[in-house]
Student: 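Structure incoming, see below.
Order of listing sets the numbers, starting from 1, for every ligand and every atom in it.
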Amino acid sequence: MHLFAALALLLPSTLAHTSPKNDWSTAYKQARHYISQFTLEEKVNITTGVGWENGHCVGNIPAMSRIGFPGICLDDSPVGVRFADRVSAFPAGINAAATFDRNLIRERAKAMGAEFYGKGVHVALGPMMNMGRVAEAGRNWEGFGGDPFLTGEAAYETIIGIQSQGVQACAKHYINNEQEHNRTTSSSIVDDRFQHEVYAHPFLRSVAAGVTSVMCSYINGTWACESDKMLNDVLKYQMGFKGYVMSDWSAHHSTMAAMAGLDMSMPGDITFSSGDSYFGANLTQFVRDGKIPESQVDDMVTRILAGWFLLGQNTKTYPKVSFDAFRANDPVQKHIDVQGDHYKTIRKIGAASTVLLKNTNKTLPLKKPISIALIGSDAGPSYNGPNGFSDLGGDVGTLALGWGEHHLEDTARYPYLISPLEAIQARARKDHTSMSWYLDDFNTAQASSTAASAEVAIVFINSDSGEDYITVDGNQGDRNNLTAWHEGDNLVLAVAAKNKNTVVVVHSVGPLILEPWIEHENITAVLWAGLPGQESGNSLVDVLYGAWNPSGRLPYTIAKDASDYPASIIDDSLDIPYTEGLEIDYRHFDANDITPRFEFGFGLSYTNFKYARLRVSKIGADTGAAEKKWVAGQVFSHKKGASLDEWLHRPYYSITFDVTNTGSVYGTEIPQLYLNPPTSANSPPSILRGFASVPLDPGQTRTVEITVSRYDLSVWDVVQQGWIKPSGTYNLFIGSSSRNKKLEGRLA
Ligand SMILES: *[C@@H]1O[C@H](CO)[C@@H](O)[C@H](O)[C@H]1NC(C)=O
Ligand SMILES: *[C@@H]1O[C@H](CO)[C@@H](O)[C@H](O)[C@H]1NC(C)=O
Ligand SMILES: *[C@@H]1O[C@H](CO)[C@@H](O)[C@H](O)[C@H]1NC(C)=O
Ligand SMILES: *[C@@H]1O[C@H](CO)[C@@H](O)[C@H](O)[C@H]1NC(C)=O
Ligand SMILES: *[C@@H]1O[C@H](CO)[C@@H](O)[C@H](O)[C@H]1NC(C)=O
Ligand SMILES: *[C@@H]1O[C@H](CO)[C@@H](O)[C@H](O)[C@H]1NC(C)=O
Ligand SMILES: *[C@@H]1O[C@H](CO)[C@@H](O)[C@H](O)[C@H]1NC(C)=O
């Protein structure tokens, strides 16, 4: 722990040196050489999935024996291998982000990658990196929160982690898939600048990480999967993306999409099981008719096979697919156990992502209380088991993941789910603590009388969401509101009325309005546990009892009122204008002087930290012509890949400062760097541009370095179509959150 975290401090957020086994130019050569022996039909087959449920995986490129091609298996999800058994259920992406710890984010991805590899999957369909533009949006929990920089860093680490195991990652959903309602018909209307600085940024970081595939979204207007602008121009040209673009399942709308930059049709057929395809025989015919040049198909196939070669998937040792997503009794099923000791990583991330929001009178950590009452259905197991609902589409018992295609169905499932009740009882046995519980959310009289005489009452509430194809309690993917489910606020209030030491634990897909009780005198502590995955209860016990000193930070803002957020779900129109521009999440609260309940980046610890000795120095060498133009507010180059040019991304300023643990217990602080752009930039007041995870013994001081690049100081110029420096000076602060400034300075 100590060692890894210390090393991380020395690593600026540099560009990727991509694959462990190969590099793109060799991979391209190998791909070109290989396809020189393909017929047109064979090439087209590499671009076309075999059709829904026609292969072992969620998506399949067919094997072709003449050319010795073994086929490609694509499988969900961002939290583990979907449709396979003996796999782990990892913490959600939003929890990975809440750790603000690059090492842990990568560790999670490595473990997930190892599981995909072990099952013979070639392409893991994640990470998901949509932005949390709307607090209620159903899939936000799969992603990394409400800030593009944090999302970009989490995407980068996740991709490196997955691909380090030889498995291709898939950056999704490109682009603007920011709500579930009408996601296959609506148009997101986004200004070019906001597109580049907010929504495309995590994809830029994905390309920097060497991601081999990108999934285009369902979004309409110009369909995301046939947007020449977004695919050819922004992704493949400006960012220099060398991999391939696949369609989201059924997001493919025409054969000519090939010319707009779509390389692979998934699952291949036009509608599920239709048997026909926009690619397949249609693509072959379009080439024969001269509507699409064969060189375009060559480029598509080269991109697809380059990813396969890049990660060494052409080798004989790559595991064969050993599960079937749709047929439990298919002979291919080998039930291979790929879980390793990943439960340890899952437990650690569950703890490291738990955010301590309130802790008066040092209520936490618990010290062998004489008695504990656990209140609420979220404390215990579901009556019908951890996998009692198809695709987890139900909110009964403790919540540890949202619903949707991300996870496990029928033959495959949570391997187990440790509930808080189970884990806290195990601890009670050790401490000789008397336990009582009441798990009905609605009988508040009985709940409060159960809680009244306990030394500490812990009330559990939750809030769920997921993909649009499942509706739970009237919530069609997106949440209908930002209040606790099952009348959770009433339950909390009933317990707090009777117990002076009430702790609230929240399992939620995203922000909730906590105003009905957050300032209640009897509510002494609040833990925000998000969606911790299969080790949920154990992770919570680690935090409750102080084995893990809380270091999680909110990856989004918790408002005082739902109307304080900049955007909401639109379902009375298919046009979704992104009128808030750059001001999503905390940027909106800052710009409009709205006081949130808990700001982005907030989280308490069991110890205290002191910040000192801010030093800022310019370290980037002058880059000559590039520097001159950039400083003058001009775009240096429009060449392919210019948005990832080395001179733009190398460290330019070094910001160092000291952090000291002034308390009496070991703990990890998460210092955050926010820039305040000059007014000429027309940017939000503060933007996150760096963070670190700093473990400290009591009394220990460490010097932390965060670097920023020219890119970090740039804005996207829509007229010149490139990154420029706005005139004027950047101020900055180091904060323990987006609002708690510890040290202030400027880049000069
Ligand atoms: C292309 O793939 C299909 C299965 O999707 C297969 O039936 C066909 O034989 C393949 N064509 C060639 C030329 O290999
Ligand atoms: C997609 O968007 C276009 C242009 O805005 C519109 O004409 C079309 O009706 C939309 N398609 C669907 C299925 O909503
Ligand atoms: C070709 O595409 C059209 C739609 O443009 C579709 O109706 C047809 O079935 C496709 N043909 C094949 C052979 O898949
Ligand atoms: C708990 O803290 C509150 C305010 O933070 C204080 O008023 C109260 O006296 C404390 N109670 C105990 C038992 O220490
Ligand atoms: C919010 O939605 C949840 C889930 O459907 C529901 O249980 C709750 O009652 C709703 N809250 C309000 C205030 O309507
Ligand atoms: C706090 O709890 C005590 C009982 O332990 C109760 O008398 C008091 O009314 C509670 N405070 C509030 C604001 O409900
Ligand atoms: C959007 O989706 C919702 C829910 O499916 C539906 O009720 C509504 O009519 C749709 N809106 C439009 C403008 O089509």
Student: Below 4.0 angstrom from a heavy atom of Met64, which ligand 1 atoms are there? Numbered from 1 as shown, please.
Tutor: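 The atoms of ligand 1 under 4.0 Å from a heavy atom of Met64 are 14 (O).
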Student: Return a yes/no value: protein heavy atom under 4.0 Å from atom 7 (O) of ligand 1?
Tutor: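 Looking at atom 7 (O) of ligand 1, one finds that no protein heavy atom lies closer than 4.0 Å.
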Student: Between His56 and Phe326, is the ring centroid distance below 6.0 Å?
Tutor: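 Aromatic pair excluded; centres sit 6.0 Å or further apart.
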Student: Between Asn475, Asp395, Leu482, Leu512, flag the one that comes closest to atom 5 (O) of ligand 5 by a heavy atom.
Tutor: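 The option holding the nearest heavy atom is Asn475.
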Student: So among Phe602, Tyr565, Phe600, which one has a ring pair (Phe, Tyr, Trp, His ring centres under 6.0 Å) with Phe589?
Tutor: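 Option passing the ring pair (Phe, Tyr, Trp, His ring centres under 6.0 Å) with Phe589: Tyr565.
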Student: Which residue and atom name correspond to the protein heavy atom nearest atom 14 (O) of ligand 3, and how close is it?
Tutor: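 The answer is Ser277 N, 2.8 Å.
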Student: Of the protein's non-hydrogen atoms, which lies at the shortest distance from atom 13 (C) of ligand 3, and what is that distance?
Tutor: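 Heavy-atom neighbour on the protein nearest atom 13 (C) of ligand 3: Ala281 CB, 4.0 Å.
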Student: Output, in order, the C-alpha distance, side-chain angles, deciding distance and verdict of side chain to side chain donor-acceptor pair (under 3.5 Å) for Thr185 and Asn220.
Tutor: CA-CA 6 Å; Thr185 49; Asn220 186 21; over 6 Å; no
Student: Could you tell me, atom by atom, which parts of ligand 3 come under 4.0 Å of a heavy atom of Asp276?
Tutor: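 Those atoms are 9 (O), 12 (C), 14 (O).
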Student: Tell me whether ligand 3 is touched by Ile270 - counting only heavy atoms on the residue side and a distance under 4.0 Å.
Tutor: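 Ile270 counts as a contact of ligand 3 under the 4.0 Å cut-off.
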Student: Report the part of Glu487 (side chain from C-beta onward, or backbone N, CA, C, O) that has a heavy atom under 4.0 Å from ligand 5; answer both or neither where that applies.
Tutor: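 Glu487 to ligand 5: no contact under 4.0 Å from either part.
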Student: Near Val50, which atoms of ligand 1 are under 4.0 Å from a heavy atom of that residue?
Tutor: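 It comes down to these atoms of ligand 1: 5 (O).
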Student: Among protein heavy atoms, which lies nearest atom 10 (C) of ligand 3, and at what distance?
Tutor: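 Checking every protein heavy atom, the shortest distance to atom 10 (C) of ligand 3 gives Asn282 ND2, 2.5 Å.
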Student: Could you work out, for atom 4 (C) of ligand 5, the closest of Thr483, Asp473, Asp441, Asp489 by heavy-atom distance?
Tutor: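 Looking at heavy atoms only, the winner is Asp473.
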Student: Can you tell me which residue among Thr444, Thr450, Asn443 is in a side-chain hydrogen bond (donor to acceptor under 3.5 Å, both in side chains) with Tyr438?
Tutor: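 Single side-chain hydrogen bond (donor to acceptor under 3.5 Å, both in side chains) partner of Tyr438 among Thr444, Thr450, Asn443: Asn443.
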Student: In this structure, is the centre-to-centre distance between the rings of Trp308 and Phe69 below 6.0 Å?
Tutor: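 Yes - the distance between ring centres of Phe69 and Trp308 falls below the 6.0 Å cut-off.
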Student: Please state which protein non-hydrogen atom is closest to atom 1 (C) of ligand 1 and give its distance, to 0.1 Å?
Tutor: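 Protein heavy atom with the smallest distance to atom 1 (C) of ligand 1: Asn45 ND2, 1.4 Å.
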Student: Can you name the atoms of ligand 5, numbered from 1 with element, that are less than 4.0 Å from a heavy atom of His486?
Tutor: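 Result: 7 (O).
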Student: Can Ser377 and Asp441 be said to form a side chain to side chain donor-acceptor pair (under 3.5 Å), step by step?
Tutor: CA-CA 6 Å; Ser377 63; Asp441 297 319; 2.6 Å; yes
Student: Kindly say whether the aromatic ring centers of Phe323 and Phe83 come within a distance under 6.0 Å.
Tutor: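 When the ring centroids of Phe323 and Phe83 are compared, they turn out to be at least 6.0 Å apart.
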Student: Start with the C-alpha distance between Asp299 and Lys43, add both sets of side-chain angles, then the distance that settles salt bridge (Lys or Arg N to Asp or Glu O under 4.0 Å), and finish with yes or no.
Tutor: CA-CA 10 Å; Asp299 181 63; Lys43 289 179 197 168; over 6 Å; no
Student: For the pair His122 and Phe116, evaluate ring-ring contact (aromatic ring centres under 6.0 Å, His included) and give the outcome as yes or no after the intermediate values.
Tutor: CA-CA 7 Å; His122 300 94; Phe116 281 100; over 10 Å; no
Student: Does Trp485 CH2 have over 12 foreign heavy atoms under 6.0 Å away?
Tutor: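 Yes - once you tally the heavy atoms of other residues, nucleotides and ligands closer than 6.0 Å, there are more than 12.
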Student: Would you say Thr39 and ligand 1 have an N/O pair spaced under 3.5 Å apart?
Tutor: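 No.
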Student: What protein heavy atom lies closest to atom 12 (C) of ligand 5? Include the residue and the distance to one decimal.
Tutor: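 The answer is Asn481 ND2, 3.5 Å.
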